Q: 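I am attaching a structure below and will ask some questions about it afterwards.
Because the structure is a prediction, the values reported are computed rather than measured. Lettering of chains follows the sequences in order, A, B, ..., and the numbering in each one begins at 1.
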Number of protein chains: 2
Amino acid sequence: MAIIRNTIAKKAVFEIIQVNKTAMSQTEIFAKVNNICDRVTVYRILERLVKEMKIHKIVNVNGVINYAPCNSCSHEQHVHHDHLHFSCTNCKKLTCISDNHIELNIPSNYQVSEVFLTVSGICPECLIIT
Amino acid sequence: MAIIRNTIAKKAVFEIIQVNKTAMSQTEIFAKVNNICDRVTVYRILERLVKEMKIHKIVNVNGVINYAPCNSCSHEQHVHHDHLHFSCTNCKKLTCISDNHIELNIPSNYQVSEVFLTVSGICPECLIIT
DNA sequence: TACAATTATGCAACATTGTTGCGTTTATAA
DNA sequence: TTATAAACGCAACAATGTTGCATAATTGTA
């Protein structure tokens, strides 16, 4: 069993994700760590944090991978969470909305493991501006 | 207003997408056009076909953008379609399942335009093999 | 049928995002 | 304090997507 280490860079990356309200991409996160570590290290830290179930990995409508904190998430929910994500087409920000429990009609010969629900449109902040 | 042209390459790309049962990435589509045109041209054709509403642009769970034909899609449905996509974690194929109409609880200050619903797991073909 | 207008293409070059290998550094338990 | 394995930096690479510009091809019209 691997020993998990809490390095300076890891703490910094986790802190950034925790503080931010919207989900962030690797690029945005790396821009915020202020050269505390290498670009590659950020990738590897994010990978580890996902594996340790401390953050969520969410794909944006554009195909950009984003990371968000998972505050109210038990391990159970993690495996099969009916989380809703809002992807703003204007500011490109990805926001976690709430737990929208949904009913799906999937043929029984498909083995479902996770449900990804993303809604695109204009977020409140962008609506005010325009 | 731009005049839409039906070129050889465009017809070939559209044909490939139509015939295939699962959604395909640009890479897969380009591999099938057999050097009838350039890599860049495929990108531009796909862009046009999406704009002309002849194909769907769907993001896979991994962040890979896939393209699928939209057979039973009126323009109305296109703007706000409650389409369900199944993303196989084994063979990476993306399949359009059916029209799953879902109820969502989104705060009124969000302006919704599209709903993206993707379910990951193991597809029937991969279930048989393993 | 030939021509003009403009859409579509090819090519080259670049940008972004993510991955891998390997030698070195560092955190943690003993 | 030290040994050990985790984490890191660097360089190099791979995949995917974008842009500019000169050239080719399609389509409506004369």
Q: In this structure, how many angstroms lie between the C1' atom of D:dG17 and the CG atom of B:Asn66, rounded?
A: 15 Å
Q: Between B:Asn6 and B:Glu47, which is nearer to the 5' end of DNA chain D once each is assigned its nearest nucleotide?
A: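 In this pair, the answer is B:Glu47.
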Q: Between B:Val40 and B:Ile4, name the one whose nearest nucleotide on DNA chain C is closer to the 5' end.
A: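 So the residue in question is B:Ile4.
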Q: Hey, does B:Ile36 reach any base, or is it just sugar-phosphate, or nothing, if we go heavy atoms under 4.0 Å?
A: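 Sugar-phosphate contact only - B:Ile36 comes under 4.0 Å of backbone atoms but never of a base.
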Q: Rounded to whole Å, how long is the line connecting atom CG of A:Asn60 with atom P of D:dG17?
A: 15 Å
Q: Starting the side chain at C-beta, find the nucleotide from D:dC10, D:dC8, C:dT9 nearest to A:Asp38.
A: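 From the listed options, D:dC10 comes nearest.
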Q: Using every non-hydrogen atom in the two residues, find where A:Val40 and A:Asp38 come nearest and quote the distance to one decimal.
A: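 For A:Val40 and A:Asp38, the tightest heavy-atom pair comes out as N-OD2, 3.0 Å.
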Q: Does a side-chain N or O of A:Arg39 approach OP1 or OP2 of C:dG18 to a distance below 4.0 Å, or not?
A: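 Checking C:dG18 against A:Arg39, no side-chain N or O comes under 4.0 Å of OP1 or OP2.
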Q: Report, as yes or no, whether the 6.0 Å neighbourhood of atom CG on A:Asn35 holds more than 12 heavy atoms from other residues, nucleotides or ligands.
A: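 Check fails, neighbour count at 12 or below.
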Q: What is the distance from CD1 of A:Ile3 to P of C:dT28, rounded to the nearest Å?
A: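 Taking atom P of C:dT28 as the reference, CD1 of A:Ile3 is at 10 Å.
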Q: B:Thr7 side chain N/O closer than 4.0 Å to the phosphate oxygens (OP1, OP2) of C:dT9?
A: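 So the side chain of B:Thr7 is within the cut-off, an N or O lying under 4.0 Å from OP1 or OP2 of C:dT9.
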Q: Counting heavy atoms from C-beta on, name the nucleotide in D:dA25, D:dG17, D:dA7 closest to the side chain of B:Arg5.
A: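 Nearest nucleotide to the side chain: D:dA25.
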Q: With no hydrogens and no angle check, is any side-chain donor or acceptor of A:Asn34 less than 3.5 Å from a backbone partner on A:Ile36?
A: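 Pair absent, no side-chain N/O of A:Asn34 close to backbone of A:Ile36.
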Q: Can you measure B:Glu52 atom CD to C:dT7 atom C1' for me and round it to whole angstrom units?
A: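 These atoms are roughly 12 Å apart.
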Q: Could you tell me how far apart B:Arg44 (CZ) and D:dT19 (P) are, to the nearest whole angstrom?
A: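 Between P of D:dT19 and CZ of B:Arg44: 10 Å.
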Q: In whole Å, I'd like the distance from the NZ atom of B:Lys11 to the P atom of D:dT26.
A: 8 Å
Q: Determine the minimum heavy-atom distance between A:Ile106 and A:Tyr110, stating which atoms define it.
A: CG2-CB, 3.8 Å
Q: Mind calculating the distance between CD1 (B:Ile65) and C1' (D:dA15) to the nearest angstrom?
A: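 Rounded to whole Å, this separation is 13 Å.
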Q: For a quick check of understanding: with a heavy-atom distance under 4.0 Å over all strands, which category does A:Ser25 fall into, base, sugar-phosphate or nothing?
A: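 Answer is nothing: A:Ser25 stays at 4.0 Å or more from every strand.
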Q: Strictly below 4.0 Å, N to O, side chains only: are A:Glu52 and A:Lys10 in salt-bridge contact?
A: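 Judged by the 4.0 Å cut-off on N to carboxylate O distance, A:Glu52 and A:Lys10 do form a salt bridge.
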Q: Could you tell me how far apart A:Ile8 (CD1) and D:dA6 (C1') are, to the nearest whole angstrom?
A: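 Those two atoms, CD1 and C1', are 14 Å apart.
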Q: Kindly point out which of C:dC11, C:dG18, D:dG17 is positioned nearest to the side chain of A:Tyr43?
A: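 Within the option list, the nearest is C:dG18.
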